[in-house]
Amino acid sequence: MIMKKKNFLIAGATLVEILIAIVIASVMMMALFTSYNVVNKSYTQVSDRASISRVNRNIISMLLKDIRMAGFYDVNAQKFSSPELQPILIIKNNTNCDKIVIVYGDRVKVGSTIEFPLYQVTYECKNSKIPDRKATPNNSGVYPPLSLKAIYKTKKKWNESNKNWNDASTDGDSNTYLANIVVDYVEDLIFNPIDENGKIISPIPSNTENSEMLSKIKAVDIGLILRSTDEFYKNEKNRTAFSLSEKDNKNQSGNRNKEVNDKFLRDTIIVTAYARNVQQN
């Protein structure tokens, strides 16, 4: 009888080889996961920075447009002399958020007639209503609001009969509106009136003080600081959000830089808006 020869050359992998392969695969997966986290975090930071910068630019664009319109009157419009019709009024708040009131005319077609209304636009800050989830809620479970501001915009129409501003809620004009929120998470909003020599007008002109300088406002320096909605930096440390200088004869604080110690990102935009329609007396 002839015996068949057994084949002892069967290929395969030992348990040690399998374990080594698993370890190598695990290291590669960990490296890929770490790389993904780094890239994803970098992308998120870039996206967050771009987002807050975009919002900042949009708000500044609105302000630039309205300030450039300040003092405009259609050639056919009736001119009014009233303290309520100053092209630009700035109300300073030396700690947090200034206010600006802008007046300009327009040319509007109503049916078959042309009207020349005067509008008043106001930008001002109010306390943010967004709840601070990191704070301690009250007994009702309600969180206190963030210690930030929100910018609101109001638009009113001048009433020629009673020489006053109409109530935007009842004037029937689709162009006017009550205070609408423009942006939240605001750290500061600053307006400085600038004369023809490029200097801050001091004291800040109003209807009762330094009023002769209201017609000398040739530009407005704007400083806006926004804070990110989510934490941006890995660690807390002292940071400075640089803003406008506003040193004058009354306010010697110099600037409104914000010294903070947290993980949030601040974005500051500083621009100059030229009040091209404000005429000197």
Quiz prompt | Note: Lys157-Asp171 ion pair, threshold 4.0 Å (strictly below) | solution = no
Quiz prompt | Shortest non-hydrogen contact between Met213 and Ile201, atoms and distance | solution = CB-CG2, 3.8 Å
Self-check item: Verdict with supporting geometry, Asp221 and Thr272, side-chain hydrogen bond (donor to acceptor under 3.5 Å, both in side chains)
Solution: CA-CA 4 Å; Asp221 280 350; Thr272 300; 2.7 Å; yes
Quiz prompt | Hydrophobic cluster membership, Leu64 vs Ile67, 4.5 Å side-chain cutoff | solution = yes
Practice problem: Could you check Lys258, Lys149, Arg227 and say which one makes a salt bridge (Lys or Arg N to Asp or Glu O under 4.0 Å) with Asp188? | Solution: Lys258
Practice problem: Determine the minimum heavy-atom distance between Ser243 and Ile190, stating which atoms define it. | Solution: OG-CD1, 3.1 Å
Practice problem: First locate atom NZ of Lys92, then atom OG of Ser202, and finally report the distance between them rounded to the nearest 0.5 Å. | Solution: 10.5 Å
Quiz prompt | Heavy-atom closest pair, residues Asn210 and Pro203 | solution = ND2-O, 2.8 Å
Self-check item: More than 12 heavy atoms of other groups within 6.0 Å of Tyr274 OH
Solution: no
Practice problem: Would you mind listing the cluster partners of Leu178? Hydrophobic ones only (ILVMFWY), side-chain contacts under 4.5 Å, chaining allowed. | Solution: none
Quiz item: Would you say Leu244 and Arg256 make side-chain contact, with heavy atoms under 4.5 Å?
Solution: no
Quiz item: Quick check: are there more than 12 heavy atoms from other residues, nucleotides or ligands sitting under 6.0 Å from NZ of Lys156?
Solution: no
Practice problem: For the residue pair Thr229 and Asp184, establish whether any side-chain heavy-atom pair is separated by less than 4.5 Å. | Solution: no
Exercise. Could you pull out the closest heavy-atom pair between Ala70 and Pro87, with the gap in Å?
Key: CB-O, 3.7 Å
Quiz item: Which distance, rounded to the nearest 0.5 Å, do you find between the CG of Leu63 and the CD1 of Ile151?
Solution: 7.0 Å
Quiz prompt | Ile20 with Met28, same ILVMFWY side-chain cluster at under 4.5 Å | solution = yes
Self-check item: Shortest non-hydrogen separation from Tyr185 to Ser228 and the atoms involved
Solution: CD2-O, 4.1 Å
Quiz prompt | Qualifying residue, where the test is side chain to side chain contact (heavy atoms under 4.5 Å, CB included) with Phe191 and the options are Leu89, Ile222, Ile91, Ile88 | solution = Ile222
Exercise. Not counting sequence neighbours, list each pair that qualifies as a salt bridge (Lys or Arg N to Asp or Glu O under 4.0 Å) and has a residue in residues 260-276.
Key: Glu187-Arg266, Asp262-Arg266
Practice problem: Run through the side-chain heavy atoms of Ile, Leu, Val, Met, Phe, Trp and Tyr, join any pair under 4.5 Å, and report what else lands in Ile181's cluster. | Solution: Tyr152
Quiz item: When clusters are formed by joining ILVMFWY residues with side-chain heavy atoms under 4.5 Å apart, either directly or through shared neighbours, do Leu148 and Leu224 land in the same one?
Solution: no
Exercise. Evaluate side-chain contact (heavy atoms from CB on, under 4.5 Å) for Thr176 paired with Asn166, printing each intermediate quantity in order.
Key: CA-CA 9 Å; Thr176 62; Asn166 286 333; over 6 Å; no
Exercise. Identify whether Leu226 and Ile60 are in the same connected component of the hydrophobic contact network (ILVMFWY, side-chain heavy atoms under 4.5 Å).
Key: yes
Self-check item: same_hphob_cluster(Ile225, Val55) at 4.5 Å side-chain heavy-atom cutoff
Solution: no
Exercise. State, to 0.1 Å, how close Ala150 and Val186 come at their nearest heavy-atom pair, and which atoms those are.
Key: CA-CG2, 4.3 Å
Quiz item: Side chains of Arg57 and Ser61: donor-acceptor distance under 3.5 Å anywhere?
Solution: no
Quiz item: What's the spacing between Asp195 CG and Ile217 CD1 if we round to 0.5 Å?
Solution: 10.0 Å
